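Side chains are part of it too, since the values below use all heavy atoms of this structure and drop only hydrogens, waters and symmetry mates. Everything quoted here is computed from the prediction, not taken from an experiment.
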Amino acid sequence: MKELNQILEKYKCPRRKDATKTSFEEIEDIIRFRLPEDYKAYILSFGGFAGAIGKEYLQLWDFDDLIEINRGYEI
């Protein structure tokens with residue numbers, strides 16, 4: 001996770017200022033599987049991000065928007 005934090009900080013991924021409104025348990029109940037621990041650690045530290053990392057584009061949705069966005073994509 002340390003390397004991921006370094007990459008996200010280098011590319012100015014915004015740090016989370018407030019706790020998430022949605023709990024991990026709420027999301028896991030909806031998706032019916034457990035979220036990976038490293039993803040949970042990311043969510044506790046960072047908000048959403050969209051931008052280039054090197055030559056690749058990356059979009060990480062804010063955790064509180066995750067279910068709504070996935071429903072919009074019919075996932």
Side-chain angles (χ1 to χ4, degrees):
M1 187 68 196
K2 182 180 176 183
E3 290 175 6
L4 177 60
N5 282 344
Q6 290 172 339
I7 292 168
L8 294 171
E9 287 172 1
K10 177 181 176 181
Y11 289 94
K12 298 178 179 31
C13 181
R15 283 236 172 231
R16 182 168 298 285
K17 294 178 183 158
D18 300 317
T20 61
K21 296 173 189 165
T22 309
S23 72
F24 295 131
E25 293 79 18
E26 287 175 271
I27 297 288
E28 291 172 339
D29 285 346
I30 292 168
I31 62 175
R32 296 189 191 116
F33 64 86
R34 293 205 153 285
L35 295 168
E37 292 303 316
D38 56 348
Y39 179 70
K40 290 179 181 181
Y42 158 76
I43 291 302
L44 293 173
S45 298
F46 294 95
F49 173 80
I53 291 186
K55 294 181 181 181
E56 301 297 326
Y57 181 81
L58 176 66
Q59 183 160 2
L60 300 169
W61 295 322
D62 187 87
F63 192 70
D64 290 323
D65 300 329
L66 192 61
I67 294 300
E68 182 180 333
I69 291 170
N70 276 287
R71 284 185 178 143
Y73 282 102
E74 297 184 6
I75 297 175

Only pairs under 3.5 Å count here: list side-chain donor-acceptor contacts from residues 31-40, not counting sequence neighbours, and write none if there are none.
{"unit_1": "Arg34", "atom_1": "NH1", "unit_2": "Glu28", "atom_2": "OE1", "d": "3.0"}
{"unit_1": "Lys40", "atom_1": "NZ", "unit_2": "Glu28", "atom_2": "OE2", "d": "3.2"}

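- How far CG of Leu8 is from CG of Leu4: 4.5 Å, rounded to the nearest 0.5 Å.
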Task: Full working for side chain to side chain contact (heavy atoms under 4.5 Å, CB included) between Leu60 and Tyr42 - done: CA-CA 10 Å; Leu60 300 169; Tyr42 158 76; 3.3 Å; yes
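- For residues 49-63, the pairs satisfying salt bridge (charged side-chain N to carboxylate O under 4.0 Å, His left out) are Arg16-Asp62, with sequence neighbours left out.
- With values rounded to the nearest 0.5 angstrom, Ile30 atom CD1 is found 5.5 Å from Arg71 atom CZ.
- For Gln6, the CD atom is densely surrounded, since the number of other residues' heavy atoms within 6.0 Å is greater than 12.
- Counting all heavy atoms, side chain and backbone alike, Pro14 lies closest to Gly48 at CG-O, 3.3 Å.
- Taking the side-chain contact (heavy atoms from CB on, under 4.5 Å) definition, one finds that Ala50 meets it with Tyr57, Gln59, sequence neighbours left out.
- Partners of Asp64 by side chain to side chain donor-acceptor pair (under 3.5 Å), not counting sequence neighbours, listed by chain and number: Thr22.
- For Phe49, the ring pair (Phe, Tyr, Trp, His ring centres under 6.0 Å) criterion is met by no residue, not counting sequence neighbours.
- Legend: residues meeting ring pair (Phe, Tyr, Trp, His ring centres under 6.0 Å) with Phe24, ordered by chain and number and at least two apart, are Phe63.
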